[in-house]
Structure formats: C-alpha cells, structure tokens
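One structure is given below, encoded as structure tokens.
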4 protein chains.
Amino acid sequence: MIDPMTLHGIIPPLCTPLLPDGELDPASARRLVEFQISAGVHGLFVLGSTGEQAALSAEQRAAMLETTIAANAGRVPILAGIFDTSTRRCIENARMAQAAGAEALVLAPTYYYRAGQHELLDLFRAVRSAVDLPLLAYDVPGAVNVKLDAATVTTLAEEGVICGIKDSSGVVEGFREVLMRTRHLPFRAFTGSELIVDACLHMGAHGSVPGLANVFPQAYVDLYTHACAGDWAAASAIQERLLACFRALITQGDPAYSASASALGGFKMGLKVQGVIAHTTVAAPLHSFTPAEEERVAAVMQRYGLFTAG
Amino acid sequence: MIDPMTLHGIIPPLCTPLLPDGELDPASARRLVEFQISAGVHGLFVLGSTGEQAALSAEQRAAMLETTIAANAGRVPILAGIFDTSTRRCIENARMAQAAGAEALVLAPTYYYRAGQHELLDLFRAVRSAVDLPLLAYDVPGAVNVKLDAATVTTLAEEGVICGIKDSSGVVEGFREVLMRTRHLPFRAFTGSELIVDACLHMGAHGSVPGLANVFPQAYVDLYTHACAGDWAAASAIQERLLACFRALITQGDPAYSASASALGGFKMGLKVQGVIAHTTVAAPLHSFTPAEEERVAAVMQRYGLFTAG
Amino acid sequence: MIDPMTLHGIIPPLCTPLLPDGELDPASARRLVEFQISAGVHGLFVLGSTGEQAALSAEQRAAMLETTIAANAGRVPILAGIFDTSTRRCIENARMAQAAGAEALVLAPTYYYRAGQHELLDLFRAVRSAVDLPLLAYDVPGAVNVKLDAATVTTLAEEGVICGIKDSSGVVEGFREVLMRTRHLPFRAFTGSELIVDACLHMGAHGSVPGLANVFPQAYVDLYTHACAGDWAAASAIQERLLACFRALITQGDPAYSASASALGGFKMGLKVQGVIAHTTVAAPLHSFTPAEEERVAAVMQRYGLFTAG
Amino acid sequence: MIDPMTLHGIIPPLCTPLLPDGELDPASARRLVEFQISAGVHGLFVLGSTGEQAALSAEQRAAMLETTIAANAGRVPILAGIFDTSTRRCIENARMAQAAGAEALVLAPTYYYRAGQHELLDLFRAVRSAVDLPLLAYDVPGAVNVKLDAATVTTLAEEGVICGIKDSSGVVEGFREVLMRTRHLPFRAFTGSELIVDACLHMGAHGSVPGLANVFPQAYVDLYTHACAGDWAAASAIQERLLACFRALITQGDPAYSASASALGGFKMGLKVQGVIAHTTVAAPLHSFTPAEEERVAAVMQRYGLFTAG
C-alpha cells in the first residue's frame, strides 16, 4: 500500500476515451496514460468527473481502471473515483477499485438526494471502514449540490478517515481554511481549480488535480516544478497561458451546452488534435462534437498556438 | 401493452421498504401494495424519487419492481422509474423494467452532469427507440438540476416520444403551459405537487403522483373522486388536511437534514405507525429515524389525528 | 381610513408611465387609472415592482402616487408600495405615502442586505408602529433574495401588524399554508402569480395583484367575477388565454434581458398599442423597447388577437 | 483630480459608525479615519457594502462622505460608493459624491431589478458621461444578483469608461481573467476577497479593499508591504492569522442572521473593543449586537489574541 503522504504534484483526472458507440477505447486510454507519464505527472486520478465516472457503467468503470493500471505498470500512484448515489453503491465501487489495484480512493458526497453534513460524516466513515485503502474527499458542490464544510473535512481528517482532499468547490477561502486546519495532520490537499493552481500551491496545497492537464500535462508539470523551486513568476506565466487555452477550448463548443459538457468535449478534442486519443465521443446524452465542431476547435488551437503550451 | 391514455387518478410513488441492513423488505413491500390497492389507487409508480431509485442497486431495483408487480397481480397499471446518469444506463434500467413486467416507464433528465435541452431531447428519443413501452417524462429539477422546458416537453409529446409527464418542478405556471400545449395530443399530465393536487386537477391534470399518498392513499383517492364529481369544496378540504399532515410529518425530523431525506423518513414512519411496513430505514447515508425520533413522529401523528385523515 | 377587510378582487400593480427622458408622464398615468377603473378593477396598487418603485426617485414616487390618487378621486382603494433597503427608508416612504393619501401600505423585505426572519419581524413591526395605516406584506424573493416564511407571516398577522399579503413568491404551497393559517384572522391574501389566479381564488385567496392586468384589466375582472359566481370553467378559460398572451408579450423582448425587464417593457407596449400610455420607456439601465421591438410586439399582439382578450 | 493609476495598496471599505438611534456618529467616524490613516492605509473607500451605503439615507451618505473627507484632509485618496437601483439614482449619488469632494467613484450593477450585461454597459457609460471623475466597477453578485462578466469589464476598460475594479465576486478565476485582459490598459484591479489578498496580489492585483481591514488595518498594510517586498511567506502568515480572526468575529454573531449582517456587526465590535468607535449599531432591520453578544465577541477576541494581530 502506498504511503498517502507521498502523494503530491500534478495528478490529472484522466479523460475516459470512448469509441463512437460509447464503449471504452482501450488503445486510446493506453496512449493517454503514456502521454501523461511521459510528461512527468506525479499520479493519475481515474474515474473522476472529467473521467465521466458518474455516466459510465460498472463494467466500463472497471475496464478503464484496469486498463490504466496495466498501462501505468506501477510507475505513478493511481487514485480511483468511487462516488455514487448511496453509501452501499460507493462501497461497491470501492471494492471494485481495490480489486482492480487502485492505491487510493476518492469519494464525493452522494448525489441526487442531498445529504447533510452529519450524513456525510457517516458516509466517509462507512466507506473507510469497509475498504482498507487511503481515502480522499472530493468537494464538488457544482455536481452534487452539497458543499463539504471545512468543519466536516477537518473532523474526518482528525479521525484519520480521510488522508486528503481534492477541492473543486471554487471557494478558495474554504480550501485555505482546510489547509490551515489540517496542517498538523497527515493530510494532503489538492486543488481542482485548474486556473489558479499556482495560487493554491502558494497557499500550501500539495498539488493539483486539473482537468486541463489531460491536454497540457507538460505545462502543468512545469508549473509545479517552477513553484517548488520558488520561481513563481515562471509558474504564473504558465498558468496564465493555460487559462487562455482553457477559455479557447471551452467556448468553441456550443454555449447552449452545459459547461461541464463542453469542457469534456474540449479536453477530448485537445487530445485528439495531438494524436493521443482517437475520438471525441462523450457519454450520451452529453453532446459529442460534430466534425464541424472539431474543426472549429482545432482551428482555434492552432490560432492560439496551444500545441506549444506544453 | 396498456393504453397509456387510460392512465389517470392517484398513482402513488411507492416507498421502497428496507430492512435495517438496507436490503429490500419484500414482506413490507407486499403489504404496502395491498394497502394502496385496497385504498383504491389507480396505479403504482415504483422506483421514483420517493422510492429511492437513485440510491438502490440494480438488484434492489429489480427486486422491488418484481415484488410489486407480483403483489399487484395485474390489478392496476405499474409505472417504473428508470432515470439515471447517462442514456446508456437509462436504457439498461428500461430493459430491466420491461423484463420485470412494467407497463410504462418514467424518465427524468440525467443527473450529475447537467444536460441542456437539446441533449434532453436526444435522451428521451434514444430511450423510447430502445425500449417499446410508453414513456413519461419526469420533471424534478430539485434533484437533477435541470428543468424540462415546456417547449422540450411539447416537442417530445408532438413526436410521440412521451405520452405523459410527472411534474414535480414546483413551477405551476410551467405545468399549466404544458397542459395547454398538449391538450390536443394523446398525453397525460400528472402533478407531483402533493399539496396542491386539487388545484392541478382543476387546471386539467389527469391525476397526481403524490409522495404523501404512501401514507394516506384513501385521502388522495377521495380527493380525486370528489374532484371528478365536481365537489371541489370537499376535495379542497381533504387537500388542506393533507397539507397539515405533511408539515407535521416532515418537521419532526431533524431540520438539519435535507427536506427529501426527512420526507422519506416521515413517509416510512407514517406507514410503520399504521402497521404497513416494518422499518423506517432509508438508504444510507441519508439518516434513518432513531427510535426516539420515531416516537416523536408517532406522537405528532396521534396529536394531529392523522390516522383518521384517510 | 378604509376597512382593510373590504380589500378584494383585482388590484393591478400599476405601471408607472415614463416620458422618453425618464420623467413621469402624468397624462399617461391619468389615462391608465381611467382605463383600469373603467374595466372595473377593485383597487390600485401603486409603486409595486411592476410600478418600478425601486428604480424611481423619491420625487417620482410621490408624483406617481399623487397623480394616481387625484385621478382615482376616491373611486377605488389605493395601496402604495413602500419597500426599500432599510427600516428607516421604508418608514420615510410610508410617511410620504400617507401624506399623499394612500389608504394602505405594501412592504417587502429590505433588499441588498439579506435580512433573516427575526429581522423581518422587527422591520414590519417598526413600520406599522411608525405609520398608522393598514400594512400588507409583499413576498417577492426573486427580487429581494429572502422568502417570507409562512411562520413569519402568520406571526405578523396574529399580532395585527399586517392585515394581508401579496404573494409573488411562486411557491403556491407556501401561499396555501398562509391561507390556511390566517383564515381565522382579519387577513386578506392576494396572489401575484398572474398566470394561476383562478387556482389561487379556488384555494381561498381574496383576490390578485397581477402585473398583466395593466394590459388586460377587463379580462382579469371577468375572471374574478366568474370565479365569485362559481363559474370556474369560464374563469379558467380566461386565465389560459391570458397565459398565452403573457408568453407572447414577454418573449418578443430580447431573451438576453432579464424577465422582469422584458415583462415591464411588454406591459408598457401592451398599453401603448391600446392608446393608454404614450411611451414604452422603462427606467434605465433596464432596456426600453426600440421602435423595431415595439413593432414586433405589436405584430404579435395582433396575430394573437390580444386586443380582444379584454 | 487624482491620477487613478496611482491607486494601490490597502483601501479599506470604511464602516459607517452609527449612534444607537441610527444617526451618523461623526466623532466615531473621525476616529475611524485617524485609526486607518495612522496604520498606513493607501486610500479609503467610503459608502461601500461594508459602509452600509445601500441602507443609508441620502443625507447620511453625504454626511459620512463629508466627515471622512474633512478628517482625511487630503492625506489619502477617497473613493465613494454610488451604487443604487437605477441609472438616474446612481448619477444623483455620483453628483453628491463629487460635490462632497470624492476623488473616485465606485459603481456596482443596479439591484432589485436584474440587469443584463448590455444594460450594465449602458449603466457605466451613462454614469461616466454624467460625472467627470474616475470610475471603478464593483463586482458584488452576492448582493446585486448579477455578475459583471469579464467581457463586460474588459469592454468598459478598453473604452476608458472604468479605470479599475473592486472584485468581491468570490470567483478568483474571473478576477484573474480580468487582470490578464486589462494588463495593457490603464486599469487598477483590487480584490475584495479579504481572506486571499496575498494570493490576489501574487496574481497581479494592485491592492485590496478588505472589509476586515476596518478592524486590522495595520495587519493588512503589513501584508501588502511584505508582498511588495517579495516576502510572500510573511504576507501569507499575516493573511492566515486574519482568516482565523475573521471566522472568530463572524461566528460569534447568531448564525441565524445573514453573513453580511453578522460581518458588519463583527467589524463594528472589533472597532469598539479597540476604542475606535462608540457603538456597534447597524442600520435596522439588520440586527445590532446586544450587550451580551458584544461581551461574547470581546471574549473571543481576547482569547484569540486578536488585538495583537496588527
């Protein structure tokens, strides 16, 4: 079992490459793993929001996780998303992930029904008791409608139930409060706010889980390396370039689609243009880019010189 | 196959009775079906939000549906909830429901990822094409974060993709607009707004799918019967009594828990007090009533004379 | 002083007619009063949300109120909106309204800063103590960000602080709860939900304050008359026609503008087309219709035969 | 007229000290100005959200502004909040502020009615044309319900309509985008996110307008000085201490009151304990601390050693 206190750096939440019929595309998944590890990422987070975890079937989840773990061949730590709609289903996912060889689990609040903070304490405790793997919390209120309070996170950290967090809440003050209140504990805090990674590292974050790193892993690794070396100007310059790339990728999708959907499509297009994955298909009913949309995004990427960002 | 144009009246979204360990309690489920049909309900909606569909495992969903269908023995139409996080998963649920013998399907927008209206058109069309059963839309933005626009519903109705709706949006004006725009079509509109059923019937709704009817099926059937007979004063008197009951049931749970959770627990307590189901357990992490909480709710029910509401 | 228990029926929240430079257009205001009273409305609500109260200067508010009161010449009761951003400012507005001759006051929660329910109790008590006129609560969370809880309304009604409510919350269940809990009190409940007035009257509301009645006062008066006579089918038929008119009026404005803005412009256009007011100007920065937009709305009104709705 | 490009550093949004009857307390206001300037602040923002601008009467606004300007005696630049519910009212406020001697104006989107982005462009252009003073935008969607899009801010900056922004949106990514897109322009960007000032300075912000600086001006000035000197560790250490102070001050108020209300009261209590202002009164209906609540906050401040934070 890995020592979770060694988790750090850039841990991209991997896209799950799909074939046009919606089935997993294992060849693309293997290339994606290689693309990431070649760029020097410090870990891989499989089956996150960017990985379409919620939309995949149990079989697809297992297949993606197993493919990734095999391709990784022990080179970097593998974290697996196990969030779902009930404690029971989260535990089932956790067992599957453990069986597949995941080294740490990432759990968000249950969704559809809105859980209260006491219920969330119960959830995390129950999952941690059921499966003996390091557990990280995932704060993603935009998807699950519930924010993990700093007090809830701190309680779980003090109890040893969770050993870290991925904060995609967008509330930087709350992330900072968690950082301050867990500094004395064995706890690793990662930001999911991909456009302010430098600022979060500056506050003491141990790393980031940025969706955009699917497309630009080298840039994020460089950002992290500069930050560790104290060269914040260089880190910020990369971050600003990535922010511009992000806006360009996202807004090429039809603004009528939801932000998450167009981000997913944009990430996949950014990977397809670089020859990493074969198709931009996302799980229906979210809209997969048409050839015309693909061309538009490719043109934007070329105009902005996005290939050279990494 | 039933003629969906015969759907009408009170179609309670059945609670899914659970044992204390979270497994299905089939004996309680059978008693619940009997309790409902004895009261004269006009159909049963299994695996809705009140039925904890989103929280159950695939096996539990199938077991609850099969148990209900067997207990019903063809007496009233059975509708099955099939909503989930992707088109593929919704279709899997639909096939399971068809195999189990459901006579109509009820589909909400996919959740976790927020779909746009065009994506929802695609979703409903894809599910309807895949499984040849009458399909009703379920508008429940409080859970899935997306509202079905009146234009989307009308388009799907005109195409013959959906033959009805359960509107739990809380936006009565929108429901009315759907009623007006579908009146010339083979379309059945049910309200999920359990506290204004009389008003919705008055506007032309064909019936209701009220969660509270789990506890008071006779009262809702009486309400509907009075409304059909044009005795609106009697219908309203029952509705007002039910509103008072609802508030009493809900607010006895810890207000720190979410409304849906305390409603689920309250409904199950209302059934346990009447001897219909054996346990008030809800799927974790939502909070199941403690014995002390059960006593408090029972006392309130007695104080308000809730037993005699039916 | 009027007996507030005589308040009933259709009490339109008057548009405030403006000249192109943003000043009050008193001639149009007088014609509007005449148009309403000729149609048989049962009262006039000046300086509501539809009356642009929040946007007007103190001088404009006083001028509109005085103009209306003079034109009314005692024929129907005049209610005045006095809502503002602090207790002190609400009381100043109340004193102005009393001096101008208003017969009842309408007060919403203070806005910009979000008040809690205890603070709202204090607000209503302070205003009622300061100015000896009947006071109605105005529940409009879409504008002020705070909902008046049914418990708060009931407490104020029981204390005799308020003698009625205009409910524009959109939460019909909450309005019904207020109706039920105030039935034994001297209290008058009006709905601001202009598209379900028949349903609210059916539940026991004493009348309505529908913005759309600016344009179609006769239709709303007829609706009310039919409802009082128990001819609900006739009432509903009118309500449905008004709903169709509303959608047509609203959606002709640029959907990029806020609903309230386009509704204000649509109402004014509906009045201009009928020769009642001279200009469609709304208080900047909300967008006033261009001549091209005016033409588009006029064409729609003609196509839908909206002139004959009254 | 000041050169707005010289605006920088810590510009506290001054509390408006009130007497128990709600009238301005000029003696306290003068002490507050002296307290701030002695601490080395680089400007003063009068009549912001923290200054209760929206709740004050026109006379109170003018009196507070004039008192501050007189006490300041030209030592630091004075910015005045002029936001209100319509273009006309904002212009009236702007003229008052200019007459009183303000050197720059701060304008938020109009509130109560929700303006669209095009309407906001019109608003800012109209105000800037009407009053010849430097104009800063104020992004505070939590109060006014509308977010200033980065595109709107950039357009206004490019047109020379605005020369800066106070960003209290809580969306750090959006603030960063504004920073990036206005870097080539004469434009000054200040953050209102008082708990991450160091991070925002690190991204290139020219300063901050932190409400908490009312209580701890020296600490914020030190934070800024350290940041300018490149001693980010020292800056962050102060920021973290201030975050802990903030939580302590806020949560001592009754959590049932709104955050803004309890923050206002907490700030005033922090000033009273230090002998700067005489009363903790806030404009009704927001709750003013009772003596018991004051004691609780004072005890917390002593326990946390908050006096020595500066």
Side-chain angles (χ1 to χ4, degrees), chain C residues 18 21-23 49-50 52-60 83-92 108-127 140 142-146 253-264 282-288, chain D residues 18 21-23 49-50 52-60 83-92 108-127 140 142-146 253-264 282-288:
Chain C
L18 299 177
D21 66 359
E23 290 298 342
S49 295
T50 302
E52 299 179 73
Q53 199 268 162
L56 301 178
S57 68
E59 294 70 30
Q60 289 176 313
F83 43 89
D84 215 306
T85 48
S86 69
T87 302
R88 171 186 290 249
R89 290 172 65 130
C90 293
I91 291 175
E92 283 171 16
T110 45
Y111 45 91
Y112 194 86
Y113 303 104
R114 299 183 190 212
Q117 299 296 317
H118 279 284
E119 295 169 325
L120 294 176
L121 289 172
D122 290 345
L123 168 68
F124 279 89
R125 289 169 183 149
V127 171
V140 62
V144 303
N145 286 326
V146 180
D254 182 335
Y257 298 118
S258 66
S260 60
S262 67
L264 292 178
V282 296
L286 297 190
H287 172 76
S288 294
Chain D
L18 299 178
D21 66 358
E23 289 298 342
S49 296
T50 303
E52 298 177 73
Q53 199 267 164
L56 300 178
S57 68
E59 295 71 30
Q60 288 177 312
F83 44 90
D84 215 307
T85 47
S86 69
T87 302
R88 170 185 289 249
R89 289 172 66 130
C90 293
I91 291 176
E92 282 171 15
T110 44
Y111 44 91
Y112 195 84
Y113 302 104
R114 300 183 189 209
Q117 298 295 317
H118 278 284
E119 295 169 324
L120 294 176
L121 289 172
D122 290 345
L123 168 69
F124 280 89
R125 288 169 183 150
V127 171
V140 61
V144 304
N145 286 326
V146 180
D254 183 334
Y257 297 118
S258 68
S260 60
S262 67
L264 292 178
V282 296
L286 297 190
H287 172 76
S288 294

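In the text below, chain A, chain B and the rest are named by the order of the sequence lines, each starting its count at 1.
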Please state whether the side chain, the backbone, both or neither of [X] comes within less than 4.5 Å of a heavy atom of chain C.
X: Glu23(D); value: both
X: Val146(D); value: neither
X: Leu120(D); value: neither
X: Thr110(D); value: side chain
X: Ala54(D); value: both

Main-chain N/O of Leu56(D) paired to Arg89(C) side chain as donor or acceptor, under 3.5 Å: yes
Working for side-chain contact (heavy atoms from CB on, under 4.5 Å), residues Val140(D) and Tyr112(C): CA-CA 10 Å; Val140(D) 61; Tyr112(C) 194 86; 4.0 Å; yes
Which heavy atom of [X] sits nearest a heavy atom of [Y], and at what distance?
X: Gln60(D); Y: Arg88(C); result: NE2-CZ, 3.6 Å
X: Pro285(C); Y: Leu123(D); result: CB-CB, 3.8 Å
X: Ala284(C); Y: Ser86(D); result: O-CB, 3.4 Å
X: Asn145(D); Y: Ala143(C); result: ND2-O, 4.1 Å

Selection from Ser49(D), Gly22(D), Ser57(D), Ala126(D) maximising heavy-atom pairs under 4.5 Å formed with chain C: Ser49(D)
side-chain contact (heavy atoms from CB on, under 4.5 Å) assessment of Glu52(D) paired with Tyr113(C): CA-CA 9 Å; Glu52(D) 298 177 73; Tyr113(C) 303 104; 4.1 Å; yes
